[in-house]
Amino acid sequence: MPEALRWGVLGASSRIYRGKVLPPLQARARHTVVAEASRDADGSDRPYAELLARSDVDAVYIPLPNDGHRRWILAALEAGKHVLCEKPLTMSPEHTDEVFEAAESAGRALVEAYMWPHHPRHQVLLELVREHLGELRFSHAGFSFALDRPADHRFDARGGGVLFDVGIYCLGPVLLLAPRAPLAVAASAVRNEHGVDISMTGWLALDMGLRATFEVSFESVNRRSLQLTGTQGSIVIADQMAPGPPTDSVLTVVGRNDRTLDVAVPGADAYGEMLDQFADVVQHAHAPRWGGAQSRLLASWIDMLHHSAR
């Protein structure tokens with residue numbers, strides 16, 4: 001068995017790292033955290049550069065505010081590190097292309113930290129859609145919550161708003177099922193005083209038969225839902241759409257004439273599964289479940305939706 005992947009973390013004070021990523025890094029034998037870096041008290045990011053210079057760091061996890069992703073992805077790749085970076089990987093399709101080209105040149109893995117495809121329930125869901133729903137016609141997803149920290153970076157240019165933050169959870173499932181450029185998009189947003197979207201609804205025509213709609217918000221009730229409908233059936237996840245339940249659950253396919261198919265699926269820690277799969281990418285050259293092609297396509301979808309909403 002390979003030695004544990006040795007991790008360094010840029011932005012170690014982040015909530016997602018402390019609350020969701022660090023626990024499985026500590027609990028799973030395939031990983032060890034050897035270095036954490038946060039900005040100096042004077043705001044300097046010198047500790048990040050010092051961490052990247054360490055020879056005992058194999059891979060870097062980046063949960064920094066979104067506007068810092070590109071810079072530190074490129075710096076980590078230049079330092080010879082593999083990179084797992086929080087979503088959105090960058091804030092434009094051009095920069096997303098740039099970082100993947102840099103990863104290819106460096107011969108290092110670069111993966112966007114989208115945990116959804118790593119939960120076993122969602123792997124089963126994608127197979128059920130392909131096998132039982134016929135031709136996919138509609139995807140509708142919602143992700144909303146009340147973000148009550150006015151100084152949070154997601155409310156200004158550092159984070160860029162709600163679509164960058166949680167749009168991946170609404171768009172990612174249908175992108176995995178229909179990975180293509182949309183024929184048309186439309187979107188409308190509510191913006192704050194900084195001009196970033198705090199609520200958005202949107203629509204994508206992915207071919208002549210498939211339409212995807214979504215709603216995302218920083219100013220509403222907690223909601224994480226997904227409905228996929230095809231010519232032969234439908235599947236609904238009414239809650240816990242992301243990251244997925246830690247305990248066993250049941251997926252129900254509702255077919256024509258209201259016939260149902262119940263499929264039991266195991267629970268899991270989606271973050272831990274994502275980390276283990278990243279180790280497989282690095283140590284065994286496995287293909288990532290959410291790879292460069294998906295990240296690039298999503299970046300283009302989001303860019304089109306932002307343009308439409310403006």
Side-chain angles (χ1 to χ4, degrees), residues 1-39 45-64 68-87 89-90 96 99-123 243-244 246 266-295:
M1 182 175 179
E3 293 183 2
L5 194 63
R6 300 174 300 177
W7 287 89
V9 180
L10 303 185
S13 63
S14 82
R15 293 171 183 267
I16 188 70
Y17 172 60
R18 307 309 302 187
K20 300 296 185 180
V21 174
L22 179 57
L25 281 175
Q26 293 175 324
R28 299 186 177 216
R30 299 188 65 180
H31 311 276
T32 182
V33 178
V34 298
E36 295 180 338
S38 297
R39 289 184 185 274
D45 52 24
R46 183 172 50 253
Y48 299 162
E50 293 172 351
L51 184 150
L52 293 180
R54 292 180 55 150
S55 61
D56 60 345
V57 171
D58 304 314
V60 171
Y61 171 61
I62 303 176
L64 295 169
H69 290 181
R70 170 179 171 263
R71 174 189 176 189
W72 290 106
I73 289 170
L74 294 172
L77 292 170
E78 185 176 0
K81 314 303 182 187
H82 303 282
V83 179
L84 177 68
C85 180
E86 269 304 322
K87 45 74 186 169
L89 201 61
T90 80
T96 300
V99 295
F100 278 111
E101 289 165 4
E104 184 175 354
S105 295
R108 292 294 181 266
L110 170 61
V111 175
E112 189 171 19
Y114 175 37
M115 88 318 249
W116 189 90
H118 302 279
H119 196 289
R121 180 183 69 171
H122 303 144
Q123 294 166 35
D269 178 347
Y271 294 93
E273 296 300 308
M274 175 182 69
L275 292 165
D276 283 352
Q277 211 256 337
F278 183 82
D280 284 334
V281 171
V282 170
Q283 297 174 331
H284 305 297
H286 286 194
R289 290 197 180 97
W290 181 268
Q294 291 76 28
S295 291

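Just so we're clear, the structure is a prediction, and the values are computed from it rather than from any experiment. Just so you know, residue 1 is the first one in the sequence shown, and it goes up from there.
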message: Please verify the inter-ring angle class for Tyr48 with Trp72; under 30° counts as parallel, over 60° as perpendicular, anything in between as tilted.
response: perpendicular
field: Steps toward side chain to side chain contact (heavy atoms under 4.5 Å, CB included) verdict (Leu84, Leu275)
entry: CA-CA 9 Å; Leu84 177 68; Leu275 292 165; 3.8 Å; yes
task: Find the distance between CD1 (Ile73) and SG (Cys85) and round it off to the nearest 0.5 Å.
output: 4.0 Å
- request: Assess whether side chain to side chain contact (heavy atoms under 4.5 Å, CB included) is satisfied between His69 and Ile62, documenting all intermediate values.
  value: CA-CA 7 Å; His69 290 181; Ile62 303 176; 4.3 Å; yes
Minimum heavy-atom distance between Ala76 and Val83, given as atom pair plus value: CB-CG2, 3.6 Å
message: Can you confirm whether Met115 sits close enough to Ile16 that some side-chain heavy atom of one is under 4.5 Å from a side-chain heavy atom of the other?
response: no
- prompt: For Ala12 and Tyr17, which heavy atoms make the closest approach, and how far apart are they?
  reply: O-CD2, 3.2 Å
message: To the nearest 0.5 Å, what is the distance between CG on Asp45 and CG on Leu10?
response: 9.5 Å
- prompt: Does His119 use its side chain to pair, donor to acceptor, with the backbone of Arg121 at less than 3.5 Å?
  reply: yes
message: Main chain of His118, side chain of Glu273: is a donor-acceptor contact present, judged purely on distance under 3.5 Å?
response: no
- prompt: Passes side chain to side chain contact (heavy atoms under 4.5 Å, CB included), Val21 versus Val9? Steps please.
  reply: CA-CA 10 Å; Val21 174; Val9 180; over 6 Å; no
- prompt: Any side-chain heavy-atom pair from Val57 and Val34 closer than 4.5 angstrom?
  reply: yes
- prompt: Any side-chain heavy atom of Glu3 within less than 4.5 Å of one from Asp58?
  reply: no
message: Tell me if a side-chain donor or acceptor on Arg6 pairs with a main-chain N or O of Thr32 at a distance below 3.5 Å.
response: no
- prompt: Quick check: does any side chain N or O of Arg108 sit under 3.5 Å from a backbone N or O of Gly80, one acting as donor and the other as acceptor?
  reply: yes
- request: Please identify each residue that fulfils side chain to side chain donor-acceptor pair (under 3.5 Å) with Glu86, with sequence neighbours left out.
  value: Tyr61
N/O donor-acceptor pair under 3.5 Å between Glu104 side chain and Glu101 backbone: no
statement: For Ala4 and Ala29, the nearest pair of non-hydrogen atoms, with its separation, is CB-O, 3.5 Å
task: Would you sort out whether Leu5 and Val282 count as a side chain to side chain contact (heavy atoms under 4.5 Å, CB included), showing the intermediate values?
output: CA-CA 9 Å; Leu5 194 63; Val282 170; 3.9 Å; yes
task: Take atom NZ of Lys20 as the centre, draw a 6.0 Å sphere, and report whether it contains more than 12 heavy atoms from other residues, nucleotides or ligands.
output: no
message: With a 3.5 Å distance limit and no angle check, can you tell me whether His82 reaches the backbone of Ala109 through a side-chain donor-acceptor pair?
response: yes
- request: Please report the closest heavy-atom contact between Ser13 and Ser38, naming both atoms and the distance.
  value: N-OG, 3.6 Å
- prompt: With under 30° as parallel and over 60° as perpendicular, where do the rings of Tyr114 and Trp116 fit, or are they tilted in between?
  reply: parallel
field: CZ-CG distance between Arg30 and Asp276, expressed to the nearest 0.5 angstrom
entry: 5.0 Å
message: Nearest 0.5 angstrom please: His31 NE2 to Leu22 CG, how far?
response: 12.0 Å
task: State whether the side chain of Arg289 and the backbone N or O of Gln123 hold a donor-acceptor pair below 3.5 Å, judged by distance alone.
output: no
- prompt: Within a strict 4.5 Å, meaning less than it, do heavy atoms of the Trp290 and Val111 side chains meet?
  reply: no
- prompt: Is the side chain of Arg28 donor-acceptor paired with the backbone N or O of Gly272 at a distance under 3.5 Å, no angle test?
  reply: yes
- request: Kindly compute the distance separating OG1 (Thr90) from CD (Glu112), expressed to the nearest 0.5 Å.
  value: 8.5 Å
message: To check you understand the geometry: which heavy-atom pair defines the closest contact between Pro120 and Gly267, and what is its length?
response: CG-O, 4.3 Å
